[in-house]
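Only one structure is covered here, and it is reproduced in the block below.
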Number of protein chains: 2
Amino acid sequence: MSKGNYLGEFEQVVLLATARLADEAYGMSIRREIEEATGRKSSIGAIYATLDRLEAKTFLESRMGEATPKRGGRPKRYFRLSPAGTRALLASRRTMDRLWDGLELEPE
Amino acid sequence: MSKGNYLGEFEQVVLLATARLADEAYGMSIRREIEEATGRKSSIGAIYATLDRLEAKTFLESRMGEATPKRGGRPKRYFRLSPAGTRALLASRRTMDRLWDGLELEPE
DNA sequence: CTTGATTTATTCTTTTTTGTAGAATATTGT
DNA sequence: ACAATATTCTACAAAAAAGAATAAATCAAG
């Protein structure tokens with residue numbers, strides 16, 4: 001059991017990108033969204049490993065896309081946040097908000 | 001240089017607690033501050049391991065407290081954020097802010 | 001048709017970095 | 001010596017990261 005109850009940094013990023021993409025979220029688009037929204041590049045391996053972990057923790061669910069899309073390429077695996085994933089994300093933000101609250105970081 | 005450019009989740013927490021405590025930041029007080037501000041408990045080993053890692057990355061600096069404090073116990077090792085640590089923290093927050101921006105998470 | 005190139009996307013394997021715990025040890029005051 | 005306070009050490013689990021390998025579908029030839 002242990003305790004790793006908190007979302008890792010990258011897990012939060014991936015979850016947020018997934019949420020932003022709504023029903024267009026799948027591995028490749030999530031990677032693109034992260035880069036577009038934040039400028040941060042990530043390997044495709046890192047994305048999927050995180051997605052799988054998050055699904056195993058029930059923070060998101062996946063389903064395969066239609067069998068015959070009108071384009072080349074392997075079928076997509078779509079992801080979406082579960083209620084637990086939404087709660088975890090909100091809890092993470094609250095933790096950070098509390099720590100930032102009242103703090104002023106003066107750039108020396 | 002390579003890659004680990006981003007702060008981990010717990011690294012951010014520790015850095016923020018250190019910043020909040022200003023010149024009263026040392027291992028034990030940081031652990032206490034995290035718990036008081038967020039309710040999150042952490043082992044003392046986790047705190048120091050992270051503190052050491054953060055110092056190695058030059059995100060914070062440490063110095064030993066005076067040799068003869070008026071109390072029992074081993075001398076304290078005080079920590080404070082470096083300019084790079086401040087920047088890293090601000091960068092982390094900006095990343096999250098960008099991902100949260102315009103997103104509404106509906107609790108189903 | 002049937003094969004091969006092309007496109008799009010996911011899976012797999014490996015390694016490094018972070019996160020976590022708790023026992024052990026060190027330093028100082030009484 | 002003992003109590004109090006704090007840090008260091010040791011070991012291991014989980015998360016992050018990279019990139020090659022593989023898979024599935026479409027399309028253009030021949």
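Chain naming here is simple, since letters A, B, ... match the order of the sequence lines and numbering starts at 1 in each.
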Using atom CE of B:M64 as one end and atom C1' of D:dT5 as the other, report the distance to the nearest whole Å.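 Those two atoms, CE and C1', are 12 Å apart.
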By side chain to side chain donor-acceptor pair (under 3.5 Å) - contacts of [X] (at least two apart):
X	answer
B:S62	B:E55, B:R77
A:R40	A:E9
B:T38	none
B:R94	none

Determine whether any donor atom in the side chain of B:R74 lies under 3.5 Å from an acceptor atom in the base of C:dG29, or the reverse, and answer yes or no. no
Would the base of D:dA17 count as contacting A:S43 through its side chain, where contact means a donor and an acceptor less than 3.5 Å apart? no
[X]: what forms a salt bridge (charged side-chain N to carboxylate O under 4.0 Å, His left out) with it, not counting sequence neighbours?
X	result
B:E36	none
A:E35	none
B:R80	B:E61
B:R53	none

Which of the following nucleotides, D:dA17, C:dG19, D:dA15, is nearest to the side chain of B:Y6? D:dA17
Quick one: which protein N/O atoms are closer than 3.5 Å to N/O atoms of nucleotides 12-14 of chain C? Pair and distance per line, please.
none

DNA chain D contacts made by residues 18-33 of chain B, counting heavy atoms under 4.0 Å: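 Contacting residues: B:Y26, B:G27, B:M28.
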Pairs involving residues 19-28 of chain B, ordered by first then second residue, that meet salt bridge (Lys or Arg N to Asp or Glu O under 4.0 Å) (sequence neighbours left out): B:R20-B:E33
Hey, what are the protein-to-nucleotides 28-30 of chain D N/O distances that come in under 3.5 Å?
none

